[in-house]
Each structure stands twice: as C-alpha cells, then as structure tokens.
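Reading through the structure tokens given below for one structure.
We name chains A, B, ... by the order of the sequence lines, and we start the count at 1 in each one.
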Number of protein chains: 2
Amino acid sequence: MTATGAPRMIQDRALRPTTKVLPEHIRLNNRTLVLQTLYRSGLQSRADLARETGLTRVTVSDLISELMGENLVIELGQRQESRPGKPATLLDINRVAFQIVSLDLSGHTRLRGAVLSLDGAVLSSSEVELAGARGEAAFDKVAELLAQVIARATAPILGVGIGSPGIVDRAGVVRNAPNLGWRDQPLQARLQDATGLPVRVVNDANAAVLAEHSFGGADHDLLLVKVGHGVGAGLLIGGRAIFGERFAAGEIGHVVIGTDDGPLCVCGKSGCLEAWLSVPRLTAAIHDATAQAATPADAERAVSDILTEAGRRLGIILAPVVGALNLLEIVLSGPPELLDGPLSTATVETLRSRTMATETGDLTLRMTAQGEDIVLRGAAVMVLSAQLGVS
Amino acid sequence: MTATGAPRMIQDRALRPTTKVLPEHIRLNNRTLVLQTLYRSGLQSRADLARETGLTRVTVSDLISELMGENLVIELGQRQESRPGKPATLLDINRVAFQIVSLDLSGHTRLRGAVLSLDGAVLSSSEVELAGARGEAAFDKVAELLAQVIARATAPILGVGIGSPGIVDRAGVVRNAPNLGWRDQPLQARLQDATGLPVRVVNDANAAVLAEHSFGGADHDLLLVKVGHGVGAGLLIGGRAIFGERFAAGEIGHVVIGTDDGPLCVCGKSGCLEAWLSVPRLTAAIHDATAQAATPADAERAVSDILTEAGRRLGIILAPVVGALNLLEIVLSGPPELLDGPLSTATVETLRSRTMATETGDLTLRMTAQGEDIVLRGAAVMVLSAQLGVS
DNA sequence: CATGTTTGTTAGTAAACCTTACGAACGAAA
DNA sequence: TTTCGTTCGTAAGGTTTACTAACAAACATG
C-alpha cells in the first residue's frame, strides 16, 4: 500500500502553529528581517539587502522607506566603488537616533545604570548605593536611579532594560528576590507606568547570557555562569533564552554537589554550589588560608588549591547539564582574579573528564569579554529585541 | 528625553526572524492550525473551528474544503442538538484514511515495527531478531522489517518514523550507533529512496519523549530517562525537542556521578550513569545479591538496597539538570520491575533534597504509561508532525 | 560613443485574509 | 400557522502583501 494522494510535506516553520497568521504579520516579519540584517551587517544597499534576505528589491525598497519614515534607517551616500552600473545608495540603522537605558540590580550593595547606544556601547553610567534598602525602599532607589539615567540620555529612548536578581517571570514581575526584599514585585509594570517608556525586566543571568550571545560572538547554545554574591546561570538553546516552567531556570546556586558533604550553606543544605563558589565564600577562604600560611609560597599554593577545588566543584555540577544538553560553550562572568586561572582550568578539566568528550565535540570554557557591563548590555539586548526585533 | 516617535512594539512572533515570509506561508500556517485543532479536539463544526482559531468562518470553510479535497478531513453528519439556528455540520480528521509505519531499533537483540493509526494506536506489529547483525547486515535487517510492516498496512501510508539508538542528526543520518555498528549511516535517505515514502529517523529517547508529550498528557517541559541496555534521555523544552549542538543531547549515559568512585564502565571511566543504572548492570547486581543472600528476606532487602542506590545516583545526576532547566516533570521508561519502586522513590527523594524545592514548584516523577510501544508511538508523532504539522 | 551592468522605482498581478451580505435551517413565541 | 431571532455555511468584493515585468538613471568598458 503506497502513499497515493498522501498530503504534502510541511515545512519546519509550520510545526505546531499556535496562532493564526494574517497578511499584516508577513509585513512585520519581513520588516524585522530587513532591520535585523542591516543591524548585523551595517552599511548595505537596498539591492544587497534583497540578495541577502531573498526578498525582491521592490519589497526591500518599500520596507526601507517605511523604516526611514520612522527614523530607524538612514541613507549614507553612495558606495565608493569602481564598478559598472548605477552606484548603490548605502543604508544603515540610524544608530544615533535612539538610545537605550539599562539598569543592573544584581550588585549586592550598589545599583548601576547606564545609557547605551543601539550598538550596546555604554555612553554614560550612574550608580546608587543600596545602603541596605529593602522592599519599597529598594524600589524607590531603583526608580530614583532610573530617573537619573533617563535624564542623562541625549536622544529619544527606545526603551528601558533591567536585569534583576532573583526569579523574574515573563511579565517582568520579580517573583522573589531576597537581597532586595521583593516578592511578586511588578517592577516592569510599575516602572513603565512611572516613566511612560517601554520597560523589560529579566533575571540578571539571563540578561548576561543574551549579552554574550549578541556581543560576545557566542554560539546558539550557551551556558553562562555568573559568580557574585550568589551564583546563577543563564541558558541559551538554539538562540533562545530558557526561562523554565516556573521562571527559575539557571537557579543552580542551591543544587548540592558531589556525594561527600560540603560547606554549610545559608539555605540549610550542605555542599550547595553557592557554598563552594560565591565570591564572599571564596574571598573568606582565601583570606583564612593566606593568614595561616607560613610563607608567601605556601599562601599562593593554598589559594590555588582553594580555587582549583571550587572549579572542580563547578565542573561536577555542570557535567550533567553539559551532557544532557550537549553544550559546547560555557562562559564565566565574575571577578577575573578569582575565576580566570586555576578555577576555570579545573572546571574545564573536570568537565572533560566526566563527560563523553568524543562524539560530542570539543568543549570551550572562557571568561566573558563583557566585563562588569555584561548585565547592562544584556538588558539593552532585551530592549532591542522587544522594540525592534533585532539583536 | 522621551521616546517621541519611538518605533512600535514588536510582537513575540517577530523576534529574530530568520527567513522571509510570503503570503502562501500564511495559508500553510492557518491550514495546519485548523488541522491541529481538529486533531486534538475531534468532532467540530466549521464555526467551532473559526471561534477556536480566531479565523473567520469564511477562511475556515475554504481551508476545510482544501483539506477535504486531500481526504484528510471528512464530514460526519449534523450535530444532534436542540438549539436555535441551522445545525452544525460536524467535521473530523479522516482517521482511517492513512496509517503510519514505525520502527523501533533500540532493542538490544530485536528490532520492532508496527502499523499505527493516526491516533497513535498500534494496529499490527512485527519483529525481527537482530542476531548480532552489524553494519550493512543490520541495515538489511531494518530494510527487511520495514518492507514487512509496510506490506501489512491496510491504508495509504502517511510516512515512516524510525527511532534509532545512538546519535542521529537532523537529516536522519545515524552518526554513531555502536550496537548496530553504524557510523554516518544515512538511514533516512536510504530508506526513503528504497520505499518512496517520507521517512523520519530520530534518536530513540527523543522519540520517546515526543510520545510522552503527545499521548501521555505531559507538560511542555519534560525530561524522559530511558533505561535499557544503555541509558539515554530525551528532553523537551517549551514543547520543542532539544537536539544539542552535535545532536547528542540527552546522552547522559556516560556522565560520571558523585565524588566517590563507582563501578567501572565499558567506556573506561568509573561511576558513569550507565554503570550504575543500565538493565544488564542492575539485573547482574540483583542476581549476585540474591545468590549470596541467606534468606529470602535478606535477598529482598539486598535487592531493594541496590535499586535504592541506583535511584539515588540517578537523582544526583539529574539534580543539576532539573535545577538549571527548572524542570517539574520527569518520566522514566524501561522495565517497571526495576524502575517502578525503590528506584524511582529514591530518585525523587534525592532530587528534592538536592535542589531548591521552594520557589521552583513541585517536582513530579513517574513511569511512562506508554509501555514498550513508546518509541514506536513517538516515531509516529514525528511523522504526524512532519507531514501534517499535527501532534 | 555604443553597450552592458547595476540600482532603484513604477505598474500590474496573484495570493491570502478580511468584511459584508445572504440563503438555509432551526427553535421559540405570537 | 406564522413570524422572529439565531446559527451555519457560502458568495462577493475589498485590503494587504509580495511578486514579476519593465524602465530610467548612472556608471564602466571597449
């Protein structure tokens, strides 16, 4: 029995549609496609865009005139090239027409804010001491910082991106952030009302992984481990951020490592990742060891041992994740003097020895190049993505 | 500086478009949407579909007439209901017009095949002994079984779905399957050429997780652990299967567990999951313990200890994955006499004690209800998804 | 200077959905 | 029995979208 009259093959795009599509959605898709292409490749002509997107020159021209009408795209004169044919008119995203405001609330004692260009460059930054403020007082600090940063913008603001510690849902409600004393804090909605600007709130580690993806040249599958006062992770699979069923994806700080016990954690368990790896724990351990050491050489060796063990622990906890997701790229974010040395070396060695290296490709582990601005830049990516569909 | 003239908000659908969209793609999306709705809800009128999909009655009628032309949808008389207005004409997927052929190659010694209805019910099944065949001989066994099963179909065949052990890429090439002696075996393409039918080849655990999702009422985020001669996992996030950068997602069989050593594994490492949990290892350990036990009570306790320890090991390795992905649902597939008891109890207890239970929701772990047919049914889901966009 | 090439635009076409309108079929009330 | 309102499915016409075809402008080259 053969497949006589069997239905046509469905393309990947049509797998499990969840919503109806109308003609106007086509326009939005293609408009964003053009913008995205221009954002990434920069200076291009209409004909270039047509070739790259597969759309016709006519359609691209039409979309471009719409985008120019919104001041999102500008013409930059003609291409200087000695070729036959009419010279191309170069286009680019109008990178100075708008700015992005970002806040990083993940610092333990200090909130940071900045104005960024559409390219993710920090143009100016501000800080506010948290000074132990919690709950509504902490919200006031955030609102105050936001107003300050907004005032420093020198172009229309495309939107506001905020990276917050804790568990943040898709609507930008901070479900739980112990450090700031927030529970079910509707941060996005409140700040949107207060400022009249589009606001996006995401978890800090999720913001960080977006920054690494967009600006750090990272792959489509990526795990970023952010080490600070706590330890969290951001996860990108197929270029999409993973949030988890209860928006707590990446919350690996209180997963227990290994089958021996470990240091007691504030959460009550023993051997949590955070008890091994958080910055306060590491600095305290290093301080103790240095104080007890007889000679500088002894001290150095003791410090190296501490960092190596911490790195090994990180490798142990990441190995199942790397195996289950077949991850090839892991990025660390945090104090380089702690992470970038024996620690990361031990982590990658542990990972390689505990997973099946053959067949699964070669694992890469590196420090982020984004430095301290990683959350700010990631929050900006959220804004670009939400407002322009670009990143 | 405010957002004067800031561009419109982009919907989620437009985030990162990668391809141009044409008007005909709309049609495909909406056609599939209608088919999907009908597949899941069954008996519905055109007006019902219009209300549920958001499309107009006119558009739904047009799509339905197209689908009826392909014999995919049929009318089933009028609704028997005492209501004002013209009675509705009930529609349904023509569930007997097509059948699906599935193969399960994951058995250690035996290959299974079946004809399934569009609902995923097994209509008839066949088996072939592998008899140690490897490489090209194993391929011949598969082709022979496939021909047998195809001959038993009693309706046009929608397509062929195959669940294979090992690493399978998106094109259905089996990159590596030690048990079958395959390396870069283009199974999908070869069988497609041989049969003239659409063929889809996926990893067996990935097929299984699709079956659990479609037929087992599972959630959108789901991890399925398949315990057999080896141990593998299938992962679903947001309703989408995760394949991994090198198509090896779910290959957790050779990840090392814990910080004490463990049994030596065939891969050379000590303490791999497979060394703790594979069916041969467990049955051997149980056999030894039973033989050494003085009394039946001793034997029972020893068996329980072995299964509890295996379950604990599974919990240890899954904890970081569950934490990192914020998974709430885990399903086990394999011999229930081994898995469904002390083992699964120990796994879920270990998971709960090693992850942050609060905030992340309550974890569920259960046996699959799909039994031995799970891979066959999952392979059928692949066909439904590829050919009709339905599942 | 004629020719060929490339760019961007104009005009017309096809596909998809929508809105509006209508006949058919039914229950309920006058 | 007749009238009215409701619901279903279809028909006709309009809008949006991107496409094809054709063209003018601007340039290099022989």
Side-chain angles (χ1 to χ4, degrees), chain A residues 8 11 13-14 17 19-34 37-38 43-69 73-92, chain B residues 8 11 13-14 17 19-35 38 43-69 73-92:
Chain A
R8 82 188 77 158
Q11 291 93 324
R13 91 162 47 252
T19 326
K20 67 170 175 176
V21 174
L22 303 180
E24 67 216 61
H25 295 132
I26 296 192
R27 185 72 166 183
L28 187 54
N29 180 299
N30 291 340
R31 174 195 138 104
T32 306
L33 178 62
V34 166
T37 308
L38 209 45
L43 289 182
Q44 280 181 303
S45 70
R46 293 168 175 84
D48 293 334
L49 288 168
R51 276 185 291 266
E52 191 160 340
T53 59
L55 297 164
T56 61
R57 291 199 307 270
V58 181
T59 304
V60 170
S61 278
D62 199 37
L63 289 165
I64 287 292
S65 77
E66 180 184 313
L67 291 166
M68 286 177 63
V73 169
I74 48 172
E75 292 189 338
L76 289 170
Q78 299 193 331
R79 177 176 282 150
Q80 301 300 326
E81 223 182 33
S82 191
R83 276 198 312 172
K86 178 178 171 180
T89 312
L90 291 174
L91 304 169
D92 196 3
Chain B
R8 83 188 77 159
Q11 290 93 326
R13 91 161 47 254
T19 327
K20 66 170 175 176
V21 174
L22 302 182
E24 67 215 62
H25 296 132
I26 296 192
R27 183 72 166 184
L28 187 55
N29 180 299
N30 291 340
R31 174 196 139 105
T32 306
L33 178 62
V34 165
L35 205 56
L38 210 45
L43 289 182
Q44 278 182 304
S45 69
R46 292 170 175 84
D48 293 334
L49 289 168
R51 276 185 292 267
E52 191 161 339
T53 59
L55 296 164
T56 60
R57 293 201 304 274
V58 181
T59 304
V60 170
S61 279
D62 198 38
L63 289 166
I64 288 292
S65 78
E66 181 183 310
L67 291 166
M68 286 178 63
V73 169
I74 48 173
E75 292 188 339
L76 288 170
Q78 298 193 332
R79 177 175 282 152
Q80 300 300 326
E81 221 181 32
S82 192
R83 277 198 312 171
K86 178 177 171 179
T89 312
L90 292 174
L91 305 168
D92 196 4

Side chain to side chain donor-acceptor pair (under 3.5 Å) against A:E52, all qualifying residues, sequence neighbours excluded =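 If we apply the side chain to side chain donor-acceptor pair (under 3.5 Å) test to A:E52, skipping adjacent residues, the hits are A:Q44.
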
Can you list the residues that meet the side chain to side chain donor-acceptor pair (under 3.5 Å) rule with B:T89, with sequence neighbours excluded?
->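 Partners of B:T89 under the side chain to side chain donor-acceptor pair (under 3.5 Å) test: none.
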
Any protein N or O atoms within reach of nucleotides 19-21 of chain D? Criterion: under 3.5 Å, listing atom names and distances.
unit_1	atom_1	unit_2	atom_2	d
D:dC19	OP2	A:T56	N	3.3
D:dC19	OP2	A:T56	OG1	3.1
D:dC19	OP2	A:T59	OG1	2.6

Can you tell me how far [atom2] of [N] sits from [atom1] of [X], to the nearest Å?
X: A:L28; N: D:dA18; atom1: CG; atom2: P; value: 10 Å
X: A:R31; N: D:dA18; atom1: CZ; atom2: C1'; value: 17 Å
X: B:Q44; N: D:dC8; atom1: CD; atom2: P; value: 12 Å
X: B:L63; N: D:dT10; atom1: CG; atom2: C1'; value: 14 Å
X: A:K86; N: D:dA24; atom1: NZ; atom2: P; value: 13 Å
X: A:H25; N: D:dA18; atom1: NE2; atom2: C1'; value: 17 Å
X: B:N29; N: D:dT17; atom1: CG; atom2: P; value: 17 Å
X: A:D62; N: C:dT10; atom1: CG; atom2: C1'; value: 12 Å

Short question: side chain of B:K20, backbone of A:G54 - any donor-acceptor pair under 3.5 Å?
->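 Yes, because the side chain of B:K20 sits within donor-acceptor range (under 3.5 Å) of the backbone of A:G54.
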
Are any protein N/O atoms closer than 3.5 Å to N/O atoms in nucleotides 27-30 of chain C? If there are, list each pair with its distance.
none

Distance check: side-chain N/O of [X] vs OP1/OP2 of [N], anything under 4.0 Å?
X: A:N30; N: D:dA18; value: yes
X: A:R51; N: C:dT7; value: yes
X: A:S45; N: C:dG8; value: yes
X: B:R27; N: C:dC17; value: yes

Should A:V73 and A:D92 count as side-chain neighbours, where that means a heavy-atom distance under 4.5 Å?
->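 The answer is no; the side chains never approach within 4.5 Å.
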
Pick from A:D48, A:L63, A:L33: which one makes a side chain to side chain contact (heavy atoms under 4.5 Å, CB included) with A:T53?
->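 Exactly one pass, corresponding to A:L33.
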
Counterpart residues, salt bridge (Lys or Arg N to Asp or Glu O under 4.0 Å), relative to B:D62 (two or more places apart) =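 B:D62 satisfies salt bridge (Lys or Arg N to Asp or Glu O under 4.0 Å) with B:R27 only.
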
Kindly write out the residues that satisfy salt bridge (Lys or Arg N to Asp or Glu O under 4.0 Å) with A:R57, not counting sequence neighbours, or none if the list is empty.
->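 By the salt bridge (Lys or Arg N to Asp or Glu O under 4.0 Å) rule, A:R57 matches no residue at all.
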
Name the residue closer to the 5' end of DNA chain C, choosing between B:I26 and A:L90 according to the nucleotide with the nearest heavy atom.
->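 This one resolves to A:L90.
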
Is any N or O donor-acceptor pair between the side chain of B:R46 and the base of D:dG9 shorter than 3.5 Å?
->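 By the distance-only test, no, there is no pair.
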
Please determine, for the side chain of A:A47, which listed nucleotide (D:dT17, C:dG8, D:dT10) has the closest atom?
->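 The listed nucleotide nearest to A:A47's side chain is C:dG8.
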
Excluding sequence neighbours, so at least two apart, what forms side chain to side chain contact (heavy atoms under 4.5 Å, CB included) with [X]?
X: B:L90; value: B:L43, B:R79
X: B:I26; value: A:V21, A:P23, A:I26, B:N30
X: B:S61; value: B:R46

